[in-house]
Amino acid sequence: MLDQASKLREKMQNQDKKDIKQTRVITVTSGKGGVGKSNFTLNFALSLMDQGKKVVIFDVDLGLANIDVLMGVSSKYSILEMIENQKSIWDIMEKGPGDLEYIAGGSGFNQLMRLDEDQLDYFFHQLEQLQGYTDIILMDTGAGISRESLRFILSADDVILVTTPEPTSLTDAYAVIKMVHGLDPAAVFRLVVNRVTSLKEGKHTADKIAMVASQFLGVDIDRLGYLPDDDHVMRAVKKQIPFYLQYPQSMASQGIRRMAEVYLRGKDELDEAKGMKGFVDRLKNWMKLT
Ligand SMILES: Nc1ncnc2c1ncn2[C@@H]1O[C@H](COP(=O)(O)OP(=O)(O)O)[C@@H](O)[C@H]1O
Ligand SMILES: [Mg+2]
């Protein structure tokens, strides 16, 4: 009885603390590669930070591991090394420009699923340490649907799907929706149309995907927004400085800022975040099922 009362009190106290840190896990994905997913992830993170959120990027884009290249830093450690050398998640967390913290998956991240049970437990345990440390974890997953990114998508609180208006990018984005929906009909997608030449083109592109998804799968696609095709992005990539920091007044930065606002404003309407623990539980589950 006493126990129940104290639990209730605790719950109420937590509700009082308006913005309690129930870490929200967002995976960013795309059908096709090269659509601007890593640039979106990095600059969206910086903009969320600008708006008062604590964000950690988790770079699980295999092979190219390009978030660090975009930031002009090279990561010393990766998740795989953390597991193999029994390091903690704090040991491998690094800081980029604007004090953005990130964790590199490392090029061997796709070996994750070949780990033995003890190693996996260690990995999960380290991930859970992030609970409460940060408001948002942004995961940049690889393009296309590898088994690993599929599991991360299915386990996240939100999925942001990046596409461009190109037909190939669109059909690949649709393939992602279809595949994820097939495994989890409740999955919600938030669409970002990148490299649009006009607002109209952005809307038109989003309409097309939304229509097909609704017609053939009965899935509602939520729109996060449109990002203009902007030379500043390429220039910033060459300089290895995030465009949001290097060109804060560029169209691309303004677009990112708007999206971060939209995301944070709409957050109350989204399902409650399950936190890092919830993410890890779901990940464990999906590893058994997929
Ligand atoms: N909004 C944009 N405007 C202009 N060029 C862009 C934009 N977004 C991305 N790019 C270009 O596309 C390239 C690939 O972007 P990147 O974020 O690495 O894609 P992905 O992670 O999807 O493979 C960038 O180096 C940049 O030159
Ligand atoms: Mg990338």
Side-chain angles (χ1 to χ4, degrees), residues 26-47 57-75 78 96-97 100 102-107 109-110 138-146 148-149 152-153 159-176 189-203 205-206 209 223-260:
I26 310 173
T27 55
V28 183
T29 190
S30 69
K32 210 163 97 78
V35 297
K37 193 164 42 71
S38 298
N39 271 281
F40 168 81
T41 306
L42 173 60
N43 293 282
F44 188 62
L46 289 164
S47 190
I57 287 187
F58 196 0
D59 186 5
V60 285
D61 191 351
L62 310 177
L64 298 170
N66 44 19
I67 292 271
D68 47 7
V69 178
L70 294 177
M71 295 194 293
V73 296
S74 63
S75 38
S78 71
L100 174 59
Y102 78 102
I103 297 166
S107 48
F109 197 65
N110 49 353
L138 263 182
M139 297 200 175
D140 185 11
T141 66
I145 290 290
S146 71
E148 284 71 40
S149 35
F152 280 107
I153 291 169
V159 182
I160 295 180
L161 182 62
V162 183
T163 185
T164 68
E166 282 186 339
T168 45
S169 171
L170 272 177
T171 47
D172 288 359
Y174 177 72
V176 171
F189 298 90
R190 314 203 71 192
L191 190 69
V192 170
V193 186
N194 188 24
R195 307 197 72 164
V196 304
T197 47
S198 65
L199 193 62
K200 200 172 153 201
E201 187 184 39
K203 281 203 175 112
T205 305
I209 287 211
R223 295 156 203 228
L224 197 56
Y226 319 113
L227 270 185
D229 192 71
D230 183 346
D231 273 353
H232 290 99
V233 177
M234 194 187 64
R235 271 152 62 189
V237 170
K238 282 190 184 154
K239 285 193 170 175
Q240 293 188 278
I241 302 171
F243 66 75
Y244 191 78
L245 297 177
Q246 182 68 17
Y247 306 112
Q249 296 314 322
S250 63
M251 296 290 282
S253 294
Q254 290 178 36
I256 280 281
R257 202 171 292 125
R258 252 192 320 274
M259 278 196 230

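Whatever order the structure lists ligands and atoms in, that order sets their numbers, starting from 1.
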Per-residue contact class, Leu227 against ligand 1 - non-hydrogen pairs under 4.0 Å: neither
Counting both backbone and side chain atoms, is some N or O of Lys32 under 3.5 Å from an N or O of ligand 1? no
Is it the case that Thr27 and Thr141 place a side-chain donor and acceptor less than 3.5 Å from each other? no
Shortest non-hydrogen pair, Ser38 vs Ile67, comes out as O-CD1, 3.6 Å
Is the distance from the ring center of Tyr247 to that of Phe243 below 6.0 Å? no
Looking only at distances, can you tell me whether any N or O atom of Leu70, backbone or side chain, sits closer than 3.5 Å to an N or O atom of ligand 1? no
Looking at CG of Leu224 and CD1 of Ile256, how far apart are the two atoms once the value is rounded to the nearest 0.5 Å? 9.0 Å
Applying side-chain contact (heavy atoms from CB on, under 4.5 Å), name anything that partners Val73, two or more places apart in sequence or on another chain. Asp68, Met71, Tyr102
Of the listed options (Asn194, Val162, Thr197, Asn39), which comes nearest to atom 8 (N) of ligand 1 when hydrogens are ignored and any heavy atom counts? Asn194
What are the atoms of ligand 1, with element, lying closer than 4.0 Å to any heavy atom of Gly34? 19 (O), 20 (P), 22 (O), 23 (O)
Donor-acceptor pair, distance only, cut-off 3.5 Å: does the side chain of Thr205 make one with the backbone of Glu201? yes
Considering only heavy atoms, does Ala252 approach ligand 1 within less than 4.0 Å through its side chain, its backbone, both, or neither? neither
With sequence neighbours excluded, residues passing salt bridge (Lys or Arg N to Asp or Glu O under 4.0 Å) with Arg223: Asp207
Indicate yes or no for a side-chain donor-acceptor contact from Asp230 to the backbone of Met251 under 3.5 Å, with no hydrogens or angles considered. yes
Flag Phe40 as yes when one of its N or O atoms lies below 3.5 Å from any N or O atom of ligand 1, and as no otherwise. no
Tell me the nearest of Arg195, Met251, Lys37, His232 to atom 12 (O) of ligand 1, using heavy-atom distances. Arg195
Are any of the heavy atoms in Pro228 under 4.0 Å away from ligand 1? yes
Quick note on ligand 1: atoms under 4.0 Å from a heavy atom of Val233 include exactly 1 (N), 2 (C), 3 (N), 4 (C), 5 (N), 6 (C), 7 (C), 8 (N), 9 (C), 10 (N)
Got an N, O or S from Ser38 under 2.8 Å of the Mg ion (ligand 2)? yes
Taking the side chain from Ser47 and the backbone from Asn43, do they hold a donor-acceptor pair closer than 3.5 Å? no
Any nitrogen or oxygen of Met234, main chain or side chain, under 3.5 Å from a nitrogen or oxygen of ligand 1? no
Residue Val237 vicinity, atoms of ligand 1 by number, heavy atom under 4.0 Å: 25 (O)
Out of Ser30, Gly36, Ser169, who is nearest to atom 9 (C) of ligand 1 when you count heavy atoms only? Gly36
